[in-house]
*Asks:* 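Sharing a structure below in structure tokens format, with a few things to ask.
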2 protein chains.
Amino acid sequence: MELDQRKLQILRAVIDEYILSASPVGSKAISRSADMNWSPATIRNEMADLEALGYLAQPHTSAGRIPSDKAYRLYVDQMLRRAELSSSEKTLLNSYYRNRISGIESVLRSTAQALSEITHYTAVVMMPDIAVNRLRHLQLVPLAEGKALSVIVTDAGVARDAVIDIPRDMTPAELETISRTITQRCYNRRMSTVAEILTREISAEMQSRGEFLKTLLSRASESEQYGTGMVELTGARNMLRYPEYSDMDKAKSFLATVEQRDELYRMMKKASDMEFTITIGSENEQEGLQDCSVVTATYRVNDSPFGTFGIIGPTRMDYSRVINVLQGVQQNLGVILQSLLKED
Amino acid sequence: MELDQRKLQILRAVIDEYILSASPVGSKAISRSADMNWSPATIRNEMADLEALGYLAQPHTSAGRIPSDKAYRLYVDQMLRRAELSSSEKTLLNSYYRNRISGIESVLRSTAQALSEITHYTAVVMMPDIAVNRLRHLQLVPLAEGKALSVIVTDAGVARDAVIDIPRDMTPAELETISRTITQRCYNRRMSTVAEILTREISAEMQSRGEFLKTLLSRASESEQYGTGMVELTGARNMLRYPEYSDMDKAKSFLATVEQRDELYRMMKKASDMEFTITIGSENEQEGLQDCSVVTATYRVNDSPFGTFGIIGPTRMDYSRVINVLQGVQQNLGVILQSLLKED
DNA sequence: TTTAGCACTCTTTTTCTTCGAGTGCTAATC
DNA sequence: GATTAGCACTCGAAGAAAAAGAGTGCTAAA
């Protein structure tokens, strides 16, 4: 049995209605909706078919139908109309960036806030992964005997720092020399290759400090060390708006899940080579997101992918609105970051 | 009418019991508790007195009593016994810092997590306010024409950065010179005074760039700019454990309140010149924290106050446990940060 | 001064009933 | 053959009524 035009139309109507109401949709409600010229009885028959095909489910015998994950999948793949953001929404969006443009990360934090407030869902933004960035400057700043702060600045305008151990007899002047040498040698090299270059070229040169440099940069390549793996999450509380989380336990487990930042990071990282991703309910790997859908978008700066952000909401989220907003933010973010990094 | 010994004993018993059970405490329950040698009837009389004095309240006629904020105040001021953390708890605490010692801020983030997981309340940690730190290094890194990243490193091992505008004709070499000059002139000066020093001493010297420097450092002193005002908040979801938040609306409004990071920062900032603070229910300025208590502690590095962290919980939180944990963390944090900044 | 006894109050829990939305099936209709 | 009206049936939600229980304040006795 295939999905003919009428079945699709009905399925769509069920989903649209369920997204709005969050309660099982009956045949009568469907037959009342626009362009639906069949009687409830006919629609009942079709709905029974759709249930047999796995697109609809019935919480109990005498209730209406709710869409399955499979139905949402079909919906987002084939039934979604994209639309531009309205100009008032664009204005709203831009208002979040006022006074907030002191750096990449604060822009991204504001973005997360904007996303969650505009969509009323939970927003997640991945902080830039410096591994793909290029080194602009490395500075070792002595803190105390045996300790220094290592600061890395990349071409993307991102700075990351870590406290490191240094040999006790290392002087500030020597640290400065090392900083300068590394900066020179690795200038504009991808962060992911810096450690390698150092081991190969520089440590030999600076024999006496070879061991130190090795440690320094093996740690530099460990992502943990320089604060990679960070995500900003905002608006988790929004989920409490929706009846699917009126059960306290569900709410708790959702909040517990999203507090696991490293898991979220993994998820976002995986999505980061796609322009857009939509992951519906059980398609999510994470235990606690089985009742959620995650929509992500990747934005670009200078035509190369820079970072990823997204929305987490109940599976019955308003997909088309979410996608429109993400698309709007995607463009916006490109422009704003561009203007932050290039001259105005 | 004064609070005699027996009234105090009864009040204490009521509070202890209410902290445990979260439901109104009756006279019978009290008379059963240890060292309570009076009959329920006697205790009822005393409880009526305590209610008249404003220490207890009755949700409705036929219910037990619950402590008022005034009662908690008395409780924390006069009835609290402090105790050392057990050694197993200390071990647990330390386990949070493993692999997490790459920098001040990541240590503080781990601290927040540890606090919330150990106490089962919400933890908040104020990131160091660099205004009181001393400048160790300033570096201007060119990003693109007209743009640079300004990075500040302080003696506390904290780095902060911001994207800034620079005159178009400024060369990398010139930026380097400026960086070095500022670092030299302001070395070990408090960040709060750096802007002033620059305006006074340096801008005159570098006439042509005077305007730029002024802008640069007026912005440096704006806290916003360099990411001051940040707090880390963890474990907000823990509040859903407690019956006082089984009402969805209460839970929502709590989460909404703590998502206002700047408000939280203000609160913490205010607490930061006290070793410990306990703020109970209506004593809180913030609207959304009227049903909460906030306990904070300030930790020291090198004997000078460094930062503040705290616990937010329901007013009937287990104060003595919370205080013990905070005290434990306070010591711990001092040691860990010390070891991070000084040689091992 | 303390306490046993008791009537009273008010919430919580349970049980039972009613209501209504929605279904699936059958038979009539287009 | 496809569609639809009609109808008996199911099952959860909502409401009402009843019962249970915890705790009180007061009185009078110890």
Side-chain angles (χ1 to χ4, degrees), chain A residues 1-11 13-18 20-33 35-68 243-244 246-248, chain B residues 1-11 13-18 20-33 35-68 243-244 246-248:
Chain A
M1 181 160 33
E2 253 320 293
L3 290 183
D4 57 26
Q5 205 49 45
R6 187 167 71 185
K7 283 199 175 58
L8 285 174
Q9 195 185 337
I10 291 172
L11 183 56
V14 173
I15 297 177
D16 282 337
E17 178 60 28
Y18 187 69
L20 235 65
S21 71
S23 46
V25 182
S27 53
K28 209 191 286 180
I30 294 301
S31 84
R32 264 199 306 269
S33 62
D35 292 326
M36 200 62 71
N37 302 312
W38 299 279
S39 74
T42 308
I43 290 175
R44 270 204 291 283
N45 287 328
E46 294 287 45
M47 283 168 85
D49 288 352
L50 285 167
E51 180 168 1
L53 290 166
Y55 291 101
L56 293 178
Q58 216 172 5
H60 55 85
T61 331
S62 68
R65 304 299 209 294
I66 63 177
S68 67
E244 27 274 86
S246 61
D247 177 17
M248 230 356 129
Chain B
M1 183 160 30
E2 253 320 293
L3 289 183
D4 57 26
Q5 206 49 44
R6 187 167 69 186
K7 283 198 175 58
L8 285 174
Q9 195 185 338
I10 291 172
L11 183 57
V14 172
I15 297 176
D16 281 336
E17 178 61 26
Y18 186 70
L20 235 64
S21 71
S23 46
V25 182
S27 53
K28 210 192 285 181
I30 293 302
S31 85
R32 265 198 307 268
S33 61
D35 291 326
M36 200 62 70
N37 302 311
W38 299 278
S39 74
T42 309
I43 290 174
R44 270 205 290 283
N45 287 328
E46 294 287 45
M47 283 168 86
D49 288 351
L50 284 167
E51 181 168 0
L53 290 165
Y55 292 101
L56 293 179
Q58 214 172 5
H60 56 85
T61 333
S62 69
R65 304 301 210 293
I66 63 177
S68 66
E244 27 275 85
S246 61
D247 176 18
M248 229 0 128

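Order of the sequence lines fixes the chain letters, A, B, ..., with proteins taken first and strands second; residue numbering starts at 1 for each chain.
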*Asks:* Go along nucleotides 18-30 of chain D 5' to 3' and tag each nucleotide: B for a protein heavy atom under 4.0 Å from its base, S when only backbone or sugar atoms are that close, - otherwise.
*Replies:* ----BSBB-----
*Asks:* What is the separation between atom CD1 on B/I10 and atom P on C/dT2, rounded to the nearest whole Å?
*Replies:* 10 Å
*Asks:* Going through the distances and angles, do B/I15 and B/L11 end up as a side chain to side chain contact (heavy atoms under 4.5 Å, CB included)?
*Replies:* CA-CA 6 Å; B/I15 297 176; B/L11 183 57; 4.1 Å; yes
*Asks:* Write down the distance between CD1 (A/I30) and P (C/dG22), rounded to a whole number of angstrom.
*Replies:* 10 Å
*Asks:* Just the rounded figure in Å: distance from P of D/dA2 to NZ of A/K7.
*Replies:* 11 Å
*Asks:* Looking at D/dT3, I'd like to know if its phosphate oxygens (OP1 or OP2) sit under 4.0 Å from a side-chain N or O belonging to A/T42.
*Replies:*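 Negative; the distance criterion is not met.
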*Asks:* For the pair made of CD1 in B/I43 and C1' in C/dT1, what is the distance, rounded to whole Å?
*Replies:*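 The answer, rounded to whole Å, is 14 Å.
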*Asks:* Any side-chain heavy atom of B/V14 within less than 4.5 Å of one from B/L50?
*Replies:* no
*Asks:* Among all residues two or more places apart in sequence or in another chain, which pass the salt bridge (charged side-chain N to carboxylate O under 4.0 Å, His left out) test with A/R32?
*Replies:*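 So A/R32 forms no salt bridge (charged side-chain N to carboxylate O under 4.0 Å, His left out) with any residue.
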*Asks:* Which of these, A/Q5, A/R65, A/M47, sits in a side-chain contact (heavy atoms from CB on, under 4.5 Å) with A/I10?
*Replies:*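 It is A/M47; the other options fail the test.
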*Asks:* With side chains defined as the heavy atoms from C-beta onward, is the minimum distance between A/I66 and A/L56 less than 4.5 Å?
*Replies:* no
*Asks:* Taking CZ from A/R32 and C1' from C/dG22, how many angstroms apart are they, rounded to a whole number?
*Replies:*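 The answer, rounded to whole Å, is 12 Å.
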*Asks:* Which residue lies toward the 5' end of DNA chain C, B/W38 or B/H60, if each is placed at its nearest nucleotide?
*Replies:* B/W38
*Asks:* Please list, chain by chain and in numerical order, all residues satisfying side-chain hydrogen bond (donor to acceptor under 3.5 Å, both in side chains) with A/E46, sequence neighbours excluded.
*Replies:* A/R6, A/K7
